[in-house]
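What follows is a short report on a single structure.
Please read all numbers here as calculations on a predicted model, not as lab measurements.
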Amino acid sequence: MLMRALLMLSAMAGPAAAFELELPLACAIGTDCFIQQYVDRDPGPGVRDYACGAETYDGHDGTDIRLRTTADVAKGVAVLAAAPGTVVGVRDGVPDRLVRNEKDKNAVANIECGNGVRIDHGGGWVTQYCHMRQGSVAVKKGEQVKTGTKLGEVGYSGNAAFAHLHLGVSKDDRWIDPFLPDPSGACGAEAAPLWSAKAKAALPYRPGILLSLGFADGPVTLEALETGAPLGMPKRNTPLVFYAWAINLQGGDEMKIALKRGEAVVVENAEKLDRNKAQYMLFAGKKAPSGGWPEGPYTGIVSVMRNGKPVIEETALISPEP
């Protein structure tokens, strides 16, 4: 533990040079892709991201930008060089496979990055791009790349629990937090990031993100949502289920969902989280009454309260068809 603490401190040990990063993905942040985890700035067993939040895990050394589901991988979301440089490392051929347990984790021992690319930018700066889609790596070792050059596509190879890009940034072989590269800057401090002004504007810190909400004709599983499996749509004589799926929730958050027809509550559910949740799904449903559901519309409502204030509030409508 002491060694990790020393490494963590040394990783932040020196002012950032003039080095700038652009977005490493060809996607709309907050719409098609989402920041799931930041660099862990806590040198001990706790966790702390650059904004003093807990959107990370112990020892995490990069920035994870996820797609909503593994099905979105098929869209071919491009991984881009965040800065110009020379490709110094490449790996491809690792299958895309979600890591859900220790057996899965052991299967990718020593290839945790999965399919990836390393780029040397000079001056001791290196970026690393992990978990790319099998067969998608588009550059070779020794190749010169420009900012925005396609390196491959987002996947979930290696030690990946969801489809995402893990971007690691290092200076002189020490990991750097691109959001707060100054080691003397306390979390939450106003400090110059490595991101360009345009990239930083596209990467606002969000305390909890709703990945999706919707309706189904039966119980909803997190596994189905993660893989983008189609859900049966409710009809007049089937169960009516409303669900919400969120990431980066904190212990003490209260998540509530309700299904209403007009002002009348059809069904509702609520959970107060006992610990931080990288992702969480909640649903509520009810069987169709005799004669089927009265004509809609029905409104699904989700809210997440943190310290008495809403961090998520969204609604959706449905009118079950015959």
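- Of all heavy-atom pairs between Leu67 and Val73, the closest is CD1-N, 3.9 Å.
- Hydrophobic clustering of Ile, Leu, Val, Met, Phe, Trp and Tyr side chains at less than 4.5 Å, counting indirect connections, keeps Phe162 apart from Tyr243.
- Within the structure, ring pair (Phe, Tyr, Trp, His ring centres under 6.0 Å) pairs that include any residue of residues 194-225 comprise Tyr38-Tyr205, Tyr50-Tyr205, Phe179-Trp195, Phe215-Phe242 (at least two apart or interchain).
- Residues Ile65 and Leu167 are not in side-chain contact: their nearest non-hydrogen atoms beyond the backbone lie 4.5 Å or more apart.
- Here the side chains of Leu151 and Val137 are not in contact, with every heavy-atom distance at 4.5 Å or above.
- A distance-only check finds a donor-acceptor pair linking the side chain of His121 to the backbone of Pro84 [under 3.5 Å].
- Between the side chain of His60 and the backbone N or O of Asp58 there is no donor-acceptor pair closer than 3.5 Å.
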Please list, one pair per line, the donor and acceptor atoms closer than 3.5 Å that link side chains of residues 309-316 to other protein atoms, with sequence neighbours excluded.
none

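- Counted within 6.0 Å of CG on Asp274, heavy atoms from surrounding residues, nucleotides or ligands total more than 12; the atom is thus considered enclosed.
- Judged as a disulfide bond (SG atoms under 2.5 Å apart), not a single pair has a partner in residues 237-282 (not counting sequence neighbours).
- When only modelled atom types and interatomic distance are considered, Ser196 and Glu22 share a side-chain donor-acceptor pair under 3.5 Å.
- Checked against side-chain contact (heavy atoms from CB on, under 4.5 Å), Ala192 has no partners two or more places apart in sequence or in another chain.
- When all heavy atoms of Asp49 and Ala54 are compared, the closest pair comes out as OD2-N, 3.4 Å.
- A cation-pi contact, defined as under 6.0 Å to the ring centre and within 45° of the axis, is absent between Arg66 and Phe34.
- Hydrophobic cluster membership is shared by Leu203 and Val79, with clusters built from Ile, Leu, Val, Met, Phe, Trp and Tyr side chains linked at under 4.5 angstrom.
- With hydrophobic clusters built from ILVMFWY side chains whose heavy atoms lie under 4.5 angstrom apart, Val267 shares a cluster with Met233.
- The aromatic rings of Trp125 and Phe19 lie parallel to each other, with less than 30° between the two planes, well short of the 60° mark.
- Residue pairs meeting the disulfide bond (SG atoms under 2.5 Å apart) criterion with at least one partner in residues 94-134, sequence neighbours excluded, are Cys113-Cys130.
- To the nearest 0.5 Å, atoms NZ (Lys198) and NZ (Lys200) are separated by 16.0 Å.
- Val117 and Val126 are members of different hydrophobic clusters when ILVMFWY side chains are connected at heavy-atom separations under 4.5 Å.
- In this model, no donor atom of one side chain and acceptor atom of the other lie less than 3.5 Å apart for His166 and Thr63.
- Heavy-atom neighbours of Asn106 CG from other residues, nucleotides or ligands within 6.0 Å: above the threshold of 12.
- Residue pairs meeting the disulfide bond (SG atoms under 2.5 Å apart) criterion with at least one member in residues 230-322, sequence neighbours excluded, do not occur.
- Within the 3.5 Å criterion, the main-chain N or O of Met132 finds a donor-acceptor partner in the side chain of Asn115.
- Note that the CG atom of Leu240 and the NZ atom of Lys287 stand 14.0 Å from one another [nearest 0.5 Å].
- Residues Val145 and Val87 are in side-chain contact: their nearest non-hydrogen atoms beyond the backbone lie under 4.5 Å apart.
- Between the side chain of Ser170 and the backbone N or O of Asp173 there is no donor-acceptor pair closer than 3.5 Å.
- Distance check: Tyr129 OH to Leu25 CG gives 10.0 Å after rounding to the nearest 0.5 Å.
- Looking at Thr70 and Leu98, their side chains come closer than 4.5 Å, going by heavy atoms from C-beta outward.
- Counting only residues at least two apart or in different chains, salt bridge (Lys or Arg N to Asp or Glu O under 4.0 Å) contacts with residues 90-106 comprise Arg97-Asp104, Arg100-Glu226.
- Rounded to the nearest 0.5 angstrom, Ile247 CD1 and Lys277 NZ are separated by 15.0 Å.
- Cluster partners of Val108, by chain and number: Val94, Val99, Ile111. The rule joins Ile, Leu, Val, Met, Phe, Trp and Tyr whenever side-chain heavy atoms lie under 4.5 Å apart.
- In this structure the side chain of Ile301 never reaches within 4.5 angstrom of the side chain of Leu259, judged on heavy atoms.
- Proximity of Leu180 to Arg41: side-chain heavy atoms (C-beta onward) are separated by under 4.5 Å at one or more points.
- When the options Gln134, Arg133, Lys75 are evaluated for a side chain to side chain donor-acceptor pair (under 3.5 Å) with Glu153, the one that passes is Arg133.
- In this structure, the side-chain contact (heavy atoms from CB on, under 4.5 Å) partners of Ala26, at least two apart in sequence or on a different chain, are Ala78, Leu80.
- Taking the side chain as every heavy atom from C-beta outward, Asp32 and Val77 never approach each other to under 4.5 Å.
- Counting only residues at least two apart or in different chains, ring pair (Phe, Tyr, Trp, His ring centres under 6.0 Å) contacts with residues 270-306 comprise Trp293-Tyr298.
- Every pair tested for ring pair (Phe, Tyr, Trp, His ring centres under 6.0 Å) that includes a residue from residues 72-97 fails, sequence neighbours excluded, so the list is empty.
- Without hydrogens or angle criteria, His131 side chain to Ser157 main chain gives a donor-acceptor distance under 3.5 Å.
- Using modelled atom types, one finds no donor on one side chain facing an acceptor on the other under 3.5 Å when comparing Gln250 with Asn276.
- Residue pairs meeting the disulfide bond (SG atoms under 2.5 Å apart) criterion with at least one partner in residues 60-90, sequence neighbours excluded, are absent.
- No more than 12 heavy atoms of other residues, nucleotides or ligands lie within 6.0 Å of NZ in Lys256, so this atom counts as exposed by the packing criterion.
- Looking at Gln36 and Asn248, their side chains come closer than 4.5 Å, going by heavy atoms from C-beta outward.
- Leu211 and Leu282 fall into different hydrophobic clusters, where Ile, Leu, Val, Met, Phe, Trp and Tyr residues are linked whenever their side-chain heavy atoms come under 4.5 Å apart, directly or through other members.
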